[in-house]
**Student:** 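Got a structure for you, written out below as structure tokens; questions coming shortly.
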Number of protein chains: 2
Amino acid sequence: MPWNLDSDRPIFLQIIEKIQMDIVAGVYHPGDKLPSVRELAQAAAVNPNTMQKALAELERTGLVYSQRTSGRFITEDTAMIQELKSELARELIAEFLEHMQKLGFEEQETIDLMEKTIRGETK
Amino acid sequence: MPWNLDSDRPIFLQIIEKIQMDIVAGVYHPGDKLPSVRELAQAAAVNPNTMQKALAELERTGLVYSQRTSGRFITEDTAMIQELKSELARELIAEFLEHMQKLGFEEQETIDLMEKTIRGETK
DNA sequence: TTTATTGTATTATTTAGATAGTACAATAGT
DNA sequence: ACTATTGTACTATCTAAATAATACAATAAA
């Protein structure tokens, strides 16, 4: 799967979010070994330093941990992962509703519009 | 109203989006005179050059136009404004659904969760 | 024991965005 | 005619992010 990074935001932030997504979505499982910094950097078409910076931050929050020379692993704390999933969903929803409101759509309007969108109506 | 700019994304992009929002939401009306570059820059606590850059882009897309020395004005093309509103809403919805999907929520799940959120349930 | 791979650290350079400061031409308002 | 305000342009500097190029210590694997 491509990493799909854009240049409108700091890359290391996008990497952090991407890996977080992959963890909570189950692409990576608790205890899984991550590819090495160099491999990940190459896969993302990014400088190893940038990847290292993102991983260091993920490590700071406890989502991953590293074992000197054997590699880097996803946390086995499934509760933490579940909590993160809820937290990210809450943030996305809040941010989305706020933006729509700034566009002039009330909450119920937004939901109606979304349902229409899902059902494939152009307008 | 505060401009609420963050440092995670280029400021001039955030300004463009903010003014777009204000236009489609009806904060500014067609034909309205905008404050001067210098005033807007001060209001946003931003360098005049940055504000100028954002306004130049809004002008390029036709949303605003400037009359040398009298000032800058919102377009009177109400159709264009309506179209922009729909376009922005479509983008927001698509982006939101995509992000939620990456988190592991299907479209119907997302809507259900949103409805719960709106009704004030913590979980 | 040797070798390759791991995470990690360091220094230098480049680039885009933002700021700072100044300047000028056009014109509305006086 | 004069003045202030307008958009606009230009150059220089600063900063954070990203890249580039190495280097080193620890250890799993051979």
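FYI, side chains are in, hydrogens and waters are out, and symmetry mates aren't considered; it's all heavy atoms of this structure. Letters A, B, ... mirror the listed sequences (proteins, then strands); counts begin at 1.
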**Student:** D:dA20 P sits how many Å from A:Gln52 CD, rounded?
**Tutor:** 17 Å

**Student:** By nearest atom, which of the nucleotides D:dA20, C:dG7, D:dT6 is closest to the A:Val37 side chain?
**Tutor:** C:dG7

**Student:** Distance check, rounded to the nearest 0.5 Å: A:Glu106 atom CD versus A:Ile111 atom CD1?
**Tutor:** 12.0 Å

**Student:** Are the side chains of A:Glu59 and A:Arg72 in contact, using a 4.5 Å heavy-atom criterion?
**Tutor:** yes

**Student:** Rounded to whole angstrom units, what separation is found between the CZ atom of B:Phe73 and the C1' atom of D:dG7?
**Tutor:** 12 Å

**Student:** Taking atom P of C:dT8 as reference, at what distance in whole Å does atom CG of A:Leu40 sit?
**Tutor:** 13 Å

**Student:** With the threshold set at under 4.0 Å for non-hydrogen atoms, list the residues of residues 59-67 of chain A touching DNA chain C in residue-number order.
**Tutor:** A:Glu59, A:Ser66

**Student:** Quick one: on DNA chain D, does A:Leu13 or B:Glu39 contact a more 5' nucleotide (nearest heavy atom)?
**Tutor:** B:Glu39

**Student:** Is there a side-chain contact between A:Ile118 and B:Leu97 (heavy atoms, below 4.5 Å)?
**Tutor:** yes

**Student:** Indicate the atoms forming the closest heavy-atom contact of A:Phe73 with A:Gly31, along with that distance.
**Tutor:** CD2-O, 3.7 Å

**Student:** Could you check how far CG of A:Leu55 sits from P of C:dA9, rounded to whole Å?
**Tutor:** 13 Å

**Student:** Taking 4.0 angstrom as the limit, do B:Lys53 and B:Glu57 come out as a salt bridge?
**Tutor:** no

**Student:** May I ask you to test the B:His29-B:Ile74 pair for a side-chain heavy-atom distance under 4.5 Å?
**Tutor:** no

**Student:** Any N/O pairs under 3.5 Å between the protein and nucleotides 13-17 of chain C? List them or say none.
**Tutor:**
none

**Student:** Can you pull every protein N or O that's under 3.5 Å from an N or O on nucleotides 22-27 of chain C?
**Tutor:**
residue: C:dA25; atom: N3; partner: B:Arg68; partner atom: NH2; Å: 3.0
residue: C:dA26; atom: O4'; partner: B:Arg68; partner atom: NE; Å: 3.4
residue: C:dT27; atom: O4'; partner: B:Thr69; partner atom: OG1; Å: 2.8

**Student:** What is the distance from NZ of B:Lys33 to C1' of C:dG29, rounded to the nearest Å?
**Tutor:** 13 Å

**Student:** Report yes if the side chains of A:Trp3 and A:Ile15 come closer than 4.5 Å at any heavy-atom pair, otherwise no.
**Tutor:** yes

**Student:** Which pair of non-hydrogen atoms, one from B:Val37 and one from B:Pro48, has the smallest distance, and what is that distance?
**Tutor:** CG1-O, 3.8 Å

**Student:** Going from CZ on A:Arg90 to OG1 on B:Thr117, what distance comes out if it is rounded to the nearest 0.5 angstrom?
**Tutor:** 9.0 Å

**Student:** What distance separates B:Ile19 CD1 from B:Leu55 CG, expressed to the nearest 0.5 Å?
**Tutor:** 5.0 Å

**Student:** Figure out the CG/C1' separation between A:Asn47 and C:dA9, and round it to whole Å.
**Tutor:** 14 Å

**Student:** Could you tell me how far apart B:Arg72 (CZ) and D:dT8 (C1') are, to the nearest whole angstrom?
**Tutor:** 9 Å

**Student:** Under a 4.0 Å threshold between the charged nitrogen and the carboxylate oxygen, would B:Asp22 count as salt-bridged to B:Lys18?
**Tutor:** yes

